[in-house]
Structures are given as structure tokens and as C-alpha cells.
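Heads up, the thing below is written out as C-alpha cells.
As the structure is a computational prediction, the values presented were derived from the model and not from experiment.
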Amino acid sequence: MISTLLLTISQVLAFSPSNNPGDQIFIGQEPSRILTYHSQRQHEIRNNSEGWQSFIDSEGQGWMARFDEHTLTPHRMWGAGIDLGPTSSEDDVVDGLRRFFDRNSDLLGTSNSDMPLVSMGYVDRTDTWIVQFGRTVDGIEVWRGGVTARIQGGKLVLLGVDTHPQASLSSTTPEIHRQRAEQLAVALGPAPDSNHEALSSTLMLIPVNGITGLTYRLVWQVSSETDSPRGQWLTNVDAFTGELF
């Protein structure tokens with residue numbers, strides 16, 4: 001049995017015009033991974049993961065998960081609420097989650113030091129906290145990496161885990177410098193003849209599903225704005241080859 005989480009993937013940012021030619025606005029698609037689930041493989045990972053077995057033998061009794069079959073971490077896991085201690089303030093919530101992460105570092109495949117807090121919010125009507133942590137490798141952010149936690153009624157009820165334990169970099173020193181990456185993003189992008197303003201760029205590690213498995217590419221993620229056509233652009237430039245990715 002096979003089930004698919006995401007239906008589309010684009011390893012290259014593909015731009016297409018909007019349906020209204022007068023808008024002159026281009027719509028892009030971000031790089032996304034396809035995740036498929038195979039029942040036999042899920043069973044194997046569940047039974048062979050020491051981190052998962054340790055978790056369900058202790059505070060995670062009765063929890064369930066669907067595993068990322070490339071990273072071997074629980075992509076989504078849920079179950080009966082786990083008490084994190086006080087959750088009346090943002091600091092309380094973060095501290096409680098950090099303690100949970102420390103207790104279950106084998107399950108998550110990374111440490112607190114590589115998961116910076118990104119955002120958090122509270123819904124009073126349902127007494128629910130949603131907290132997002134990022135994931136970094138040698139200080140460089142992993143695209144869409146990290147952990148998302150849902151805390152309801154003061155208890156942890158769901159985790160989304162995209163920590164990429166195998167992510168690594170042979171070098172954190174790009175061969176394409178920042179300024180050159182910005183030049184390439186403008187010259188080779190979909191609006192090369194326009195005046196690009198608010199140019200900025202940051203190094204990013206992007207996971208890629210390949211024939212041989214999951215690999216990681218270091219890119220300069222370049223953002224800019226144009227008035228004609230009116231748009232906000234986000235372009236990935238390979239930090240070693242200069243290829244738009």
C-alpha cells in the first residue's frame with residue numbers, strides 16, 4: 001500500500017503568468033518534496049527506530065506516527081496529551097518543549113542548539129499553542145526544516161518533525177559570492193530587464209529527493225522586488241555552480 005503526502009514537486013522554480021494579462025504578475029512554485037508511505041517500510045522503521053521505541057515505552061505510550069522514509073524520523077506523530085508543565089506564557093511553553101526535545105533527542109535526530117525558535121501563536125478559543133522551530137546545519141537554515149508542535153489544553157498532542165538528521169555540508173564556504181548570486185538571480189530570472197530593488201540574500205540548505213535518495217544543496221536564496229512587472233521574487237542560486245535552482 002502506498003500513500004502520497006504531496007502531489008507536486010519542482011526542483012526548479014517555475015514561473016507562469018497569471019490568467020489576467022493586465023496584472024503582469026507571475027506566480028511561482030516553491031521547491032517541495034514528495035513524501036510517499038509504504039506500509040511495509042513504515043512497519044520496519046517503526047520497529048527498528050530506537051528513538052521511537054524508547055519514546056513509546058515511556059511518555060509516548062499509545063502515540064502513532066507516519067515516518068519520513070528518507071530521514072527515518074516521524075514526519076507526523078500524535079497521541080494522548082503529554083504534560084509539559086506550566087503553559088501559561090510563551091516562555092513556559094518553549095521551556096517545556098525544550099525539555100521534551102532534550103528527553104527525546106534520539107527521536108528527533110538533532111539537538112536543541114540546532115532548532116531555533118521561529119514562531120509561536122495561541123488560540124484562546126481552543127486553548128491551543130502552535131510553536132514552530134527551525135533546523136540549522138552549521139548555522140545554515142534547512143528549507144522547511146524543523147519541528148512544529150501543537151499543545152492543546154496544556155498538553156502536547158502533535159508533532160511535525162522535519163529535522164533531516166543526515167543533512168550535512170562538505171563546505172559552508174560558497175564558491176559563488178553573495179553579490180554574484182544576486183546578479184545571476186536578476187539576469188537569469190523571469191524579469192531580467194526590470195529594475196530589481198530591495199535585493200537581499202541568505203544561504204539556505206535545500207533537501208532534494210533524487211534517484212539515489214535524499215541529497216542537500218547549498219543555495220543563495222535571493223529576494224527582490226520589481227515595479228514592472230509588479231512582483232516580489234524569490235530565487236535559489238546554487239552556491240557552487242551558479243545554477244538557478
Side-chain angles (χ1 to χ4, degrees), residues 3-9 18 25 27-37 42 45-46 49 51-52 54-69 71 73-136 141-165 202 204 207 221 223 225 232 234:
S3 58
T4 303
L5 178 66
L6 300 178
L7 299 180
T8 60
I9 185 170
S18 84
I25 295 176
I27 307 300
Q29 180 180 335
E30 69 176 47
S32 301
R33 291 180 57 213
I34 290 179
L35 290 183
T36 56
Y37 300 118
Q42 291 288 311
I45 297 171
R46 185 175 294 108
S49 169
W52 176 254
S54 177
F55 170 68
I56 62 174
D57 286 342
S58 55
E59 58 188 324
Q61 292 183 27
W63 273 56
M64 302 181 69
R66 282 195 171 185
F67 293 86
D68 184 323
E69 296 180 8
T71 67
T73 55
H75 181 65
R76 295 293 180 267
M77 52 185 286
W78 62 94
I82 296 174
D83 189 0
L84 296 177
T87 58
S88 58
S89 71
E90 292 187 355
D91 288 343
D92 286 342
V93 171
V94 172
D95 288 345
L97 285 170
R98 293 289 190 192
R99 290 192 297 269
F100 175 85
F101 295 161
D102 278 337
R103 295 194 303 270
N104 295 280
S105 58
D106 289 342
L107 176 69
L108 301 180
T110 190
S111 64
N112 268 316
S113 61
D114 291 326
M115 291 192 296
L117 177 65
V118 175
S119 64
M120 62 187 307
Y122 178 70
V123 180
D124 182 71
R125 180 176 57 85
T126 58
D127 188 19
T128 301
W129 290 94
I130 303 294
V131 188
Q132 175 69 49
F133 295 85
R135 166 75 161 109
T136 60
E141 181 181 348
V142 178
W143 176 253
R144 300 304 189 212
V147 173
T148 302
R150 175 179 294 178
I151 301 166
Q152 196 161 14
K155 297 180 184 296
L156 178 66
V157 296
L158 182 143
L159 279 180
V161 182
D162 296 286
T163 51
H164 298 277
T202 185
M204 186 79 62
Q221 194 166 86
S223 62
E225 299 177 4
Q232 296 176 325
L234 191 65

Legend entry - Stepwise side chain to side chain contact (heavy atoms under 4.5 Å, CB included) check, Arg66 with Leu35: CA-CA 10 Å; Arg66 282 195 171 185; Leu35 290 183; over 6 Å; no
Legend entry - Verdict with supporting geometry, Leu97 and Ile151, side chain to side chain contact (heavy atoms under 4.5 Å, CB included): CA-CA 10 Å; Leu97 285 170; Ile151 301 166; 4.0 Å; yes
Inset, instruction - Please step through side chain to side chain contact (heavy atoms under 4.5 Å, CB included) for the pair Phe133 and Val118, ending with a clear verdict. - result: CA-CA 5 Å; Phe133 295 85; Val118 175; 5.6 Å; no
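Smallest separation of non-hydrogen atoms from Leu158 and Leu156: O-CD1, 3.6 Å. Of all non-hydrogen atoms in Arg46 and Ala65, the two that sit nearest each other are NH2-O, 3.0 Å. Nearest heavy atoms, Gly154 versus Thr87: CA-OG1, 3.5 Å. Smallest separation of non-hydrogen atoms from Thr73 and Pro165: CG2-CG, 3.6 Å. The two residues Val147 and Met115 make their nearest non-hydrogen contact at CG2-SD, 3.6 Å. Ile45 and Asp68 get closest at one heavy-atom pair: CD1-O, 4.4 Å.
Counting heavy atoms from C-beta outward, Val142 and Pro207 have side chains that approach closer than 4.5 Å. Annotation: side chain of Asp127 is in contact with side chain of Tyr122 (closest heavy-atom distance under 4.5 Å).
Listed for the Gln42 side chain is a donor-acceptor partner under 3.5 Å among the backbone atoms of Phe67. Listed for the Thr163 side chain is a donor-acceptor partner under 3.5 Å among the backbone atoms of Leu108.
Screening residues 77-102 for salt bridge (charged side-chain N to carboxylate O under 4.0 Å, His left out) gives no qualifying pairs among residues at least two apart or on separate chains.
Summarising the geometry, atom OG1 belonging to Thr148 is positioned 6.5 Å from atom CZ belonging to Arg76; distances are rounded to the nearest 0.5 Å. For the atom pair Ser88 OG and Trp129 CH2, the distance stands at 8.5 Å (nearest 0.5 Å). The structure places CD1 of Ile130 at 9.5 Å from OG of Ser119, a figure rounded to the nearest 0.5 Å. Rounded to the nearest 0.5 Å, atoms CD1 (Ile56) and CE (Met77) are 10.0 Å apart. Here the straight-line distance linking atom OG of Ser49 with atom CG of Leu107 works out to 6.5 Å at 0.5 Å rounding.
Classified by interplanar angle (parallel below 30°, tilted 30° to 60°, perpendicular above 60°), the ring pair Phe55/Phe100 is perpendicular.
Between the side chains of Thr202 and Gln221, no donor-acceptor pair is found at a separation under 3.5 Å.
Not counting sequence neighbours, Glu141 has no partner by the side chain to side chain donor-acceptor pair (under 3.5 Å) test.
Under the side chain to side chain donor-acceptor pair (under 3.5 Å) test applied with Asp162, the options His75, Arg144, Arg135 reduce to a single match, His75. Evaluated for a side-chain contact (heavy atoms from CB on, under 4.5 Å) with Arg150, the options Thr128, Leu159, Val131 yield exactly one hit, Thr128.
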